[in-house]
*Asks:* 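Quick one: the structure is below, and I'll ask about it shortly.
These numbers come from a predicted model, not from an experiment. FYI, side chains are in, hydrogens and waters are out, and symmetry mates aren't considered; it's all heavy atoms of this structure.
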Amino acid sequence: MWSRVLVLVVWSLASIAGTATSQDSPWELEMLPAGETWLWSWPVDINEAGQVCGTFQLDSRTASAVLWTDGTWIDVGATCGLPEGFPYSAAGAMDDSGLIGGQVRSARSGDADLRIAAAVWDTAQGTVELLHPEELGFVHSMVIDLSNSGLVLIDVTDGWDVGDLGRVFVLDRNKGTGRLLPLAPGLASCASAAMNEAGEVVGWVEEDQWGDVSHAAVWLQDGTVRDLHQEIRAHAPAVAWSRAFGITSRSEVAGLGWNAEWTESWAWVWSQEKGLVLLDRGPGGSAIASGSGERMVLGYSPSTDWQSVTGLIWMDGIVHVLPGIPGYTMIFAGLVNSAGVIAGDARSPTIKNGAFLAKPRVEGDFDGDALQDKWELQGYTHDNGAQVDLPGMGANPLRKDLFVQIDGMGPSPWDHLPTAETLQPVVDAFATRGIALHLDIDERLPFDAELGTLDGANRYLWAEFDALKASYFAEELGTAVRYCVFAHKLATLTDSGLARGEPSSDFIVSLGAFAEEAGEIDPWWQAGTFMHELGHGLGLRHGGADVTNNKPNYLSVMNYDFQKQGLRIGGQDWHFDFSCCQLADLDEYALDEGLGLG
């Protein structure tokens with residue numbers, strides 16, 4: 001299995017993984033066309049087909065649910081109908097089949113006889129269905145989210161004034177049953193924001209619909225509610241008010257916290273396994289998480305006066321600022337599908353507010369790792385028709401990624417397949433450079449005392465390696481993944497390893513001669529030699545840019561002096577790394593031991 005390495009800092013190491021391009025984002029933003037008869041629009045969900053549901057605000061008091069599909073906006077109420085007595089509508093969520101949930105309204109906002117009821121529209125069948133849970137006794141209801149399995153998340157309330165209470169109800173349309181979610185101890189009201197396929201829900205618990213107390217909460221699959229507010233305050237003591245807005249299939253929750261003055265905000269993620277982690281607030285110093293997908297958290301960063309808002313994306317802890325849209329001063333990101341297509345709304349004091357889509361660039365490579373952004377967000381299809389799930393393997397367009405599949409000969413008489421623990425120092429060394437090294441330590445190969453043959457000039461011939469690769473390495477991986485074999489010996493040579501070229505994608509670690517002499521396979525030698533040969537594959541030489549070996553002032557695992565025992569730091573060997581800087585030249589006729597290497 002691919003081991004996923006999460007790196008929280010991006011640092012360009014051009015000599016190892018390429019140079020970042022000049023583009024400012026892996027995504028390209030485009031505004032969806034504006035309607036002629038509405039004031040503004042905002043999207044509320046995006047499905048796997050790339051359809052977007054949202055709401056058109058027709059005037060300051062009326063709205064209509066809409067669907068973006070096949071390059072145009074569709075009025076959902078006009079297409080699927082509206083229940084009698086409910087002339088207005090607003091969308092809340094959508095599933096992958098195009099089923100839209102939301103609310104219908106009996107009157108305009110502010111009217112005394114206003115009643116709001118939960119509803120779903122089946123865009124495939126052209127029908128509408130009221131889902132107001134009369135048995136709960138509340139006046140108003142609205143659909144907040146839908147699952148693909150038939151679960152409907154509904155908020156119910158008597159109103160939104162001080163003293164009004166709200167509850168959260170999960171309806172199973174397939175079974176015709178529902179459950180009212182429990183309240184947190186000491187609080188009488190709650191509201192929801194999102195639900196995952198397992199029926200776990202996030203939102204907030206509160207004293208009433210307009211009270212000062214608002215605590216982020218998650219309702220887990222075991223039926224319990226967890227108030228996250230104190231965990232948030234443990235990391236950001238100034239937080240006075242918190243809410244949760246996104247939850248993944250892995251029960252990872254994303255949300256926000258505000259201080260009492262509403263002048264500073266924090267974005268965070270929480271899971272039962274890892275607890276709560278604050279997210280990087282980006283250049284604006286304040287951040288709001290407004291939604292999440294399986295691989296990213298979405299949100300924005302407002303200026304202190306709210307005259308400008310920057311859209312933000314977090315992936316594996318890395319914060320990224322979305323590019324702006326000419327003429328718009330506010331970019332709100334909040335929705336994403338598994339293909340990495342983001343939906344949000346853009347606002348401007350001079351242009352009609354509207355919805356936008358941010359799509360992965362077709363051929364861009366934002367992080368400069370030679371993997372296209374679209375591949376890192378969506379995977380790719382090889383010429384042989386096979387699909388390669390790079391996102392599932394840990395790729396991230398905001399950070400350099402390097403993939404290596406490793407097979408090793410053994411287990412008898414010598415077991416050359418390394419362990420993940422053995423190669424962890426190499427993974428850590430790349431991580432300090434902001435590069436995620438993903439290793440698939442895969443299979444044991446049949447033992448061969450001498451892999452391959454030599455030609456008449458004593459040069460290694462790769463035919464036997466290529467035969468192994470054809471059998472054990474999937475052809476479609478070759479676009480993005482390097483291949484390494486831990487062999488016993490290279491033909492009759494006693495070399496510790498070999499890369500096919502500088503640079504190249506294939507390399508061999510062959511410590512058989514050293515193991516026979518020492519009576520064991522040293523894991524430190526495995527780590528150092530693996531990194532050394534990988535370095536050749538990345539274009540590095542024994543002297544860095546040149547082939548001069550054993551230079552005392554070239555502190556790198558590429559130097560034979562440091563290949564097997566690593567660099568000595570603080571009197572301790574086994575620090576494997578490439579050279580981080582160029583030291584001063586040494587004059588062997590004028591050495592000063594007091595100065596060291598400079």
*Asks:* What are the two closest heavy atoms between Arg115 and Ser106, and how far apart are they?
*Replies:*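 Shortest heavy-atom contact: N-OG, 2.7 Å.
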*Asks:* Check this for me: Glu135, atom CD, are more than 12 non-hydrogen atoms of other residues, nucleotides or ligands nearer than 6.0 Å?
*Replies:*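 Result for CD/Glu135: enclosed.
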*Asks:* May I ask you to decide if Met195's main-chain N or O and Asp145's side chain share a donor-acceptor pair within less than 3.5 Å?
*Replies:*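 Yes.
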*Asks:* Between Arg61 and Asp111, does any NZ, NE, NH1 or NH2 come within less than 4.0 Å of an OD or OE carboxylate oxygen?
*Replies:*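 Answer for the salt bridge query: yes.
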*Asks:* Using every non-hydrogen atom in the two residues, find where Thr248 and Ser292 come nearest and quote the distance to one decimal.
*Replies:*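 Minimum heavy-atom contact is CG2-OG, 4.3 Å.
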*Asks:* So, do Ile247 and Val201 sit near enough that their side-chain heavy atoms are less than 4.5 Å apart?
*Replies:*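 Side-chain contact under 4.5 Å: no.
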*Asks:* Can you list the steps and then say if Val156 with Ile154 is a side chain to side chain contact (heavy atoms under 4.5 Å, CB included)?
*Replies:* CA-CA 7 Å; Val156 293; Ile154 300 174; 4.1 Å; yes
*Asks:* For a side-chain hydrogen bond (donor to acceptor under 3.5 Å, both in side chains) check, start with the C-alpha distance between Ser242 and His215, then their side-chain angles and the critical distance, and finish with the verdict.
*Replies:* CA-CA 5 Å; Ser242 63; His215 292 181; over 6 Å; no
*Asks:* Hey, are Arg226 and Glu200 close enough for a salt bridge, meaning a charged N less than 4.0 Å from a carboxylate O?
*Replies:*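 Judged by the 4.0 Å cut-off on N to carboxylate O distance, Arg226 and Glu200 do not form a salt bridge.
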*Asks:* So, does Asp122 use its side chain to make a donor-acceptor pair with the main chain of Gly126 at under 3.5 Å?
*Replies:*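 It does not hold such a pair.
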*Asks:* Under the side-chain hydrogen bond (donor to acceptor under 3.5 Å, both in side chains) criterion, do Ser308 and Thr329 qualify, and how do the steps go?
*Replies:* CA-CA 5 Å; Ser308 65; Thr329 58; over 6 Å; no
*Asks:* Would you mind telling me which of Asp316, Asp367, Asp373 makes a salt bridge (Lys or Arg N to Asp or Glu O under 4.0 Å) with Arg399?
*Replies:*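 When salt bridge (Lys or Arg N to Asp or Glu O under 4.0 Å) is applied between Arg399 and each of Asp316, Asp367, Asp373, only Asp316 qualifies.
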*Asks:* Test side chain to side chain contact (heavy atoms under 4.5 Å, CB included) on Leu357 and Leu29; report intermediate values, then the result.
*Replies:* CA-CA 6 Å; Leu357 287 180; Leu29 274 65; over 6 Å; no
*Asks:* Are Cys190 and Trp219 close enough, and set up right, to give a side chain to side chain contact (heavy atoms under 4.5 Å, CB included), and what steps lead you there?
*Replies:* CA-CA 11 Å; Cys190 60; Trp219 287 266; 3.9 Å; yes
*Asks:* For the residue pair Ser301 / Thr310, report whether a side-chain donor-acceptor contact shorter than 3.5 Å exists.
*Replies:*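 No, because no side-chain N or O of Thr310 sits under 3.5 Å from a partner of the opposite role on Ser301.
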*Asks:* Do the non-hydrogen side-chain atoms of Ser192 and Val202 ever get within less than 4.5 Å of each other?
*Replies:*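 Not in contact.
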*Asks:* One pair to check against side chain to side chain contact (heavy atoms under 4.5 Å, CB included): Val309 and Ile331. What are the steps and the verdict?
*Replies:* CA-CA 6 Å; Val309 175; Ile331 303 294; 5.8 Å; no
*Asks:* What's the verdict on side-chain hydrogen bond (donor to acceptor under 3.5 Å, both in side chains) for Glu252 and Ser271, showing C-alpha distance, side-chain angles and the deciding distance?
*Replies:* CA-CA 5 Å; Glu252 296 167 343; Ser271 68; 5.3 Å; no
*Asks:* Classify the side-chain pair Thr79/Asp75 by whether it contains a donor and acceptor separated by less than 3.5 Å.
*Replies:*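 No, Asp75 and Thr79 have no side-chain donor paired with an acceptor closer than 3.5 Å.
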*Asks:* Check for a donor-acceptor pair, side chain of Gln57 on one end and backbone N or O of Asp59 on the other, with a separation under 3.5 Å.
*Replies:*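 Between the backbone of Asp59 and the side chain of Gln57 there is a qualifying donor-acceptor contact (under 3.5 Å).
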*Asks:* Atom CG in Leu99, atom CH2 in Trp121: separation rounded to 0.5 Å?
*Replies:*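 Leu99 CG to Trp121 CH2: 10.0 Å, rounded to 0.5 Å.
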*Asks:* So that I know where these two stand, are Trp42 and Phe356 an aromatic pair - ring centroids less than 6.0 Å apart?
*Replies:*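 Not close enough - the centres of the two rings lie 6.0 Å or further apart.
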*Asks:* Check the orientation of Tyr380 and Trp375. Use parallel for under 30°, tilted for 30 to 60°, and perpendicular for over 60°.
*Replies:*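 If you compare the ring of Tyr380 with that of Trp375, the planes turn out tilted.
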*Asks:* Closest approach of Ser265 and Ser286, non-hydrogen atoms and distance?
*Replies:*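 Smallest interatomic distance, heavy atoms only, reads N-OG, 2.7 Å.
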*Asks:* Between Lys374 and Glu363, does any NZ, NE, NH1 or NH2 come within less than 4.0 Å of an OD or OE carboxylate oxygen?
*Replies:*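 Answer for the salt bridge query: no.
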*Asks:* Compare all side-chain heavy atoms of Ile232 with those of Trp268 and state whether any distance is below 4.5 angstrom.
*Replies:*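 Yes, their side chains come closer than 4.5 Å.
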*Asks:* So do Asp401 and His438 actually touch side chain to side chain, heavy atoms under 4.5 Å?
*Replies:*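 Side-chain contact under 4.5 Å: yes.
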*Asks:* When the aromatic ring centroids of His132 and Phe138 are compared, is their separation below 6.0 Å?
*Replies:*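 Not under 6.0 Å, so no.
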*Asks:* Between CG of Leu153 and CG of Leu171, what distance do you get to the nearest 0.5 Å?
*Replies:*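 Leu153 CG to Leu171 CG: 10.5 Å, rounded to 0.5 Å.
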*Asks:* Quick check on the 6.0 Å ring-centre criterion: do Trp266 and His235 meet it?
*Replies:*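 Between His235 and Trp266, which both carry aromatic rings, the centre distance is not below 6.0 Å.
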*Asks:* Name the orientation class of the two ring planes belonging to Trp204 and Phe245 (parallel below 30°, tilted from 30 to 60°, perpendicular beyond 60°).
*Replies:*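 Answer is tilted, since the angle falls between 30° and 60°.
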*Asks:* Taking Asn396 for the side chain and Lys400 for the main chain, is one N or O donor matched with an acceptor at less than 3.5 Å?
*Replies:*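 Judged by distance alone, no pair lies under 3.5 Å.
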*Asks:* More than 12 heavy atoms of other residues, nucleotides or ligands under 6.0 Å from CD of Glu134: yes or no?
*Replies:*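 Atom CD in Glu134 is packed in, count exceeds 12.
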*Asks:* Side chains of Trp314 and Leu298: does their closest heavy-atom pair fall under 4.5 Å?
*Replies:*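 No; the side chains remain at least 4.5 Å from each other.
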*Asks:* How long is the straight-line distance from CD of Gln372 back to CD of Gln378, given to the nearest 0.5 Å?
*Replies:*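 If we round to the nearest 0.5 Å, Gln378:CD and Gln372:CD are 11.0 Å apart.
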*Asks:* Say whether, by atom type as modelled, one donor and one acceptor occur between the side chain of Thr381 and the main chain of Gly385 under 3.5 angstrom.
*Replies:*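 No, the answer is negative, given that no donor and acceptor are paired below the 3.5 Å cut-off.
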*Asks:* Verify, without hydrogens or angle tests, whether Asp45 (side chain) and Cys53 (backbone) share a donor-acceptor contact under 3.5 angstrom.
*Replies:*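 No, because the side chain of Asp45 does not come within donor-acceptor range (under 3.5 Å) of the backbone of Cys53.
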*Asks:* So, are Asp155 and Arg167 salt-bridged, with charged N and O less than 4.0 Å apart?
*Replies:*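 Salt bridge: no.
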*Asks:* With rounding to the nearest 0.5 angstrom, report the OH to CG distance, Tyr300 to Leu256.
*Replies:*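 So the gap between those two atoms works out to 7.0 Å.
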*Asks:* Compare all side-chain heavy atoms of Trp27 with those of Ile342 and state whether any distance is below 4.5 angstrom.
*Replies:*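 With C-beta onward as the side chain, the pair touches.
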*Asks:* Can you tell me how far apart CH2 (Trp68) and CD (Gln51) are? Round to the nearest 0.5 Å.
*Replies:*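 One gets 12.0 Å once the value is rounded to the nearest 0.5 Å.
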*Asks:* Would you say Asp113's side chain and Ala107's backbone share a donor-acceptor pair under 3.5 angstrom?
*Replies:*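 The answer is no, because no donor-acceptor pair under 3.5 Å joins these two groups.
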*Asks:* Output yes when Arg361 and Glu28 qualify as a salt bridge under the 4.0 Å nitrogen-oxygen rule, no when they do not.
*Replies:*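 Yes, this pair counts.
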*Asks:* Should Thr157 and Leu165 count as side-chain neighbours, where that means a heavy-atom distance under 4.5 Å?
*Replies:*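 No, their side chains stay 4.5 Å or more apart.
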*Asks:* Inspect the surroundings of CG in Asp70 and state if more than 12 heavy atoms from other residues, nucleotides or ligands are less than 6.0 Å away.
*Replies:*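 Atom CG in Asp70 is not packed in, count stays at 12 or less.
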*Asks:* Might you point out which heavy atoms bring Leu322 and Ala333 nearest each other, and give the distance in Å?
*Replies:*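 Heavy atoms only, the tightest pair is CD1-CB, 3.8 Å.
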*Asks:* Should the pair Arg347 and Phe332 be classed as cation-pi, given the thresholds of under 6.0 Å to the six-membered ring centre and 45° from the axis?
*Replies:*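 Output yes; distance and angle both within limits.
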*Asks:* Whether the Ser249 and Glu294 side chains hold a donor-acceptor pair (N or O, under 3.5 Å, no angle test) is what I'd like checked.
*Replies:*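 Yes - a donor-acceptor pair under 3.5 Å links their side chains.
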*Asks:* Is a side-chain donor-acceptor pair under 3.5 Å present for Asp158 with His140?
*Replies:*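 Judged by distance alone, the side chains do not pair up.
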*Asks:* Okay, side chain of Arg233, backbone of Val239: is any donor-acceptor separation there less than 3.5 Å?
*Replies:*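 It does hold such a pair.
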*Asks:* Could you state the interatomic distance from CG (Asp345) to OG1 (Thr55), rounded to the nearest 0.5 Å?
*Replies:*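 Rounded to the nearest 0.5 Å, the CG-OG1 separation comes out at 11.0 Å.
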*Asks:* Shortest non-hydrogen contact from Gly54 to Ala91?
*Replies:*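 Taking every non-hydrogen atom into account, O-CB, 3.2 Å.
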*Asks:* Please find the pair of heavy atoms, one from Thr224 and one from Asp222, that lie closest to each other, and give the distance.
*Replies:*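 Here Thr224 and Asp222 meet closest at OG1-OD1, 2.6 Å.
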*Asks:* Salt bridge check: are Glu273 and Arg250 linked by an N-O gap of less than 4.0 Å?
*Replies:*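 Looking at Arg250 together with Glu273, the answer is no, because their closest N to O distance does not fall below 4.0 Å.
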*Asks:* With a 4.5 Å limit on heavy-atom distance, are the side chains of Arg105 and Ser89 in contact?
*Replies:*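 A side-chain contact is absent here, since even the closest heavy-atom pair is not under 4.5 Å.
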